[in-house]
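Shown next, in structure tokens, is the structure this report addresses.
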Amino acid sequence: VEQLMSKLRLLTIVTAVNYAALIGVGVVKVMPATRGLKPFDLRYFGYSYEDALTYLTALTFDTAALLIGPVRWLDTSFPLLFAATLIGWGWLLAKQAPDHIKGLTVLLPLGYLSLDYVENHLVAKMISGALPSAEQVQMASSVTVGKFLFVVACVLLLAVLGYRDFSKKE
């Protein structure tokens, strides 16, 4: 267990460093160039077609290149690292939990991971292609909201697992 904890701590640190780099490049450099507009994948409650068009027209060539280059590479590694971190801590905290709870510690982060990768693909298409249709924007926005719902579910599950002692009978 101690060896697993050490590896999980290291994975957590690597995930946090990746996230810090992603925020450093994706937010600190991009948001000033878009007049303070948040990137699509940080809009927890989604965005409208008009919001998307406003953001896309605010992008310069250099900012778009940054988004589909270094930011996309960081945003490809982060979801995998984050999902692995969630699975690791969830599995560790659920060691005494019923099997269906253990299953959730894997399925919920995998749901997040899947949606984050779909979102990244849809956002990259919107940034690098012609102006998107309203349907494309609605799909990307819905996937963004779904991604964050999975993150909330993962965090709530970890909180419950951290609080609840499954080794005791009630």
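Note that the numbering runs from 1 along the sequence shown for the chain. Note that the coordinates shown come from a computational prediction; the quantities given were computed from them, not determined experimentally.
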| request: Measure across Gly26 and Pro39 and return the closest heavy-atom pair with its distance rounded to 0.1 Å. | output: O-CG, 3.7 Å
| message | For the CG atom of Leu161 and the NZ atom of Lys102, what is their distance to the nearest 0.5 Å? | response | 11.0 Å
| request: Indicate whether any N or O donor in one side chain lies under 3.5 Å from an N or O acceptor in the other, for Gln138 and Ser142. | output: yes
| More than 12 heavy atoms of other residues, nucleotides or ligands under 6.0 Å from NZ of Lys29: is that the case? | no
| note | Between Lys147 and Glu119, the two heavy atoms sitting closest are NZ-OE1, 2.9 Å
| task | Consider only side-chain heavy atoms of I, L, V, M, F, W and Y, link residues closer than 4.5 Å, and tell whether Trp73 and Phe78 are in one cluster. | result | no
| task | Tell me, yes or no, whether the heavy-atom count around Met139 atom CE, taken from other residues, nucleotides or ligands under 6.0 Å, exceeds 12. | result | no
| query | Going only through I, L, V, M, F, W and Y residues with side-chain contacts under 4.5 Å, is there a path from Leu149 to Val143? | reply | no
| Have Thr144 and Asp41 got a donor and an acceptor in their side chains that come within less than 3.5 Å? | no
| request: Please confirm whether the backbone N or O of Leu107 pairs with a side-chain atom of Tyr112, one donor and one acceptor, at under 3.5 Å? | output: no
| request: Report yes or no: does Asp116 contribute a side-chain atom to a donor-acceptor pair with the main-chain N or O of Pro79 at less than 3.5 Å? | output: no
| Under a 4.5 Å cut-off applied to non-hydrogen side-chain atoms, are Tyr44 and Val145 in contact? | no
| query | Under a single-linkage definition using a 4.5 Å side-chain heavy-atom cutoff for Ile, Leu, Val, Met, Phe, Trp and Tyr, are Leu156 and Ile101 assigned to the same hydrophobic cluster? | reply | no
| note | Distance col, row Leu108:CG vs Phe150:CZ, nearest 0.5 angstrom, shows 6.5 Å
| message | Taking Arg72's backbone N and O only, do any of them form a donor-acceptor pair with Thr76's side chain (distance below 3.5 Å, no angle check)? | response | yes
| said: If I compare all heavy atoms of Gly146 with all of Leu115, which pair ends up nearest, and what's the gap? | reply: C-CD1, 3.5 Å
| query | Using a distance-only test with no angle check, is there a side-chain donor-acceptor pair under 3.5 angstrom linking Thr105 and Trp89? | reply | no
| message | Distance check, rounded to the nearest 0.5 Å: Arg35 atom CZ versus Thr54 atom OG1? | response | 8.0 Å
| field | Ile13 side, atom CD1; Leu81 side, atom CG - distance, nearest 0.5 Å | value | 13.0 Å
| message | Let's go through Arg9 and Glu2 carefully: what are the C-alpha distance in whole Å and the side-chain angles of both, what is the deciding distance for salt bridge (charged side-chain N to carboxylate O under 4.0 Å, His left out) to 0.1 Å, and is it a yes or a no? | response | CA-CA 10 Å; Arg9 285 186 192 108; Glu2 195 56 43; 3.7 Å; yes
| query | Considering only heavy atoms from C-beta outward, does the side chain of Leu110 approach that of Ile87 to under 4.5 Å? | reply | yes
| Can you find a heavy atom in the side chain of Met126 that is under 4.5 Å from one in the side chain of Phe40? | yes
| Passing candidate, side-chain contact (heavy atoms from CB on, under 4.5 Å) with Trp91, options Leu4, Leu86, Leu8, Val106 | Val106
| query | More than 12 non-hydrogen atoms from neighbouring residues, nucleotides or ligands closer than 6.0 Å to OH on Tyr117, yes or no? | reply | yes
| request: In sequence, state the C-alpha distance, the side-chain angles, and the governing distance for Tyr47 and Tyr55, and then conclude on side chain to side chain contact (heavy atoms under 4.5 Å, CB included). | output: CA-CA 10 Å; Tyr47 42 90; Tyr55 184 78; over 6 Å; no
| Heavy-atom closest pair, residues Thr63 and Leu59 | CG2-CD2, 3.7 Å
| request: Report yes or no: do Tyr19 and Val17 belong to one cluster of Ile/Leu/Val/Met/Phe/Trp/Tyr joined by side chain heavy-atom distances under 4.5 Å? | output: no
| request: Report yes if some heavy atom in the side chain of Leu67 is under 4.5 Å from a heavy atom in the side chain of Ser128; otherwise report no. | output: no
| task | Give the cluster check for Leu80 versus Val71: same hydrophobic cluster or not, with ILVMFWY residues linked at side-chain heavy-atom distances below 4.5 Å. | result | yes
| note | In this structure, CG of Leu22 is separated from OG of Ser77 (nearest 0.5 Å) by 8.0 Å
| task | Output, in order, the C-alpha distance, side-chain angles, deciding distance and verdict of side chain to side chain contact (heavy atoms under 4.5 Å, CB included) for Arg43 and Asp51. | result | CA-CA 11 Å; Arg43 298 181 187 207; Asp51 292 338; 3.6 Å; yes
| remark: Residues Val25 and Pro70: closest non-hydrogen pair is CG1-CB, 4.5 Å
| said: Let's go through Phe148 and Phe45 carefully: what are the C-alpha distance in whole Å and the side-chain angles of both, what is the deciding distance for ring pair (Phe, Tyr, Trp, His ring centres under 6.0 Å) to 0.1 Å, and is it a yes or a no? | reply: CA-CA 8 Å; Phe148 283 112; Phe45 302 108; 8.7 Å; no
| Closest non-hydrogen atom pair between Cys154 and Pro109, with its separation | SG-N, 3.6 Å
| query | Looking just at side-chain N and O atoms, do Thr85 and Thr12 make a donor-acceptor pair shorter than 3.5 Å? | reply | no
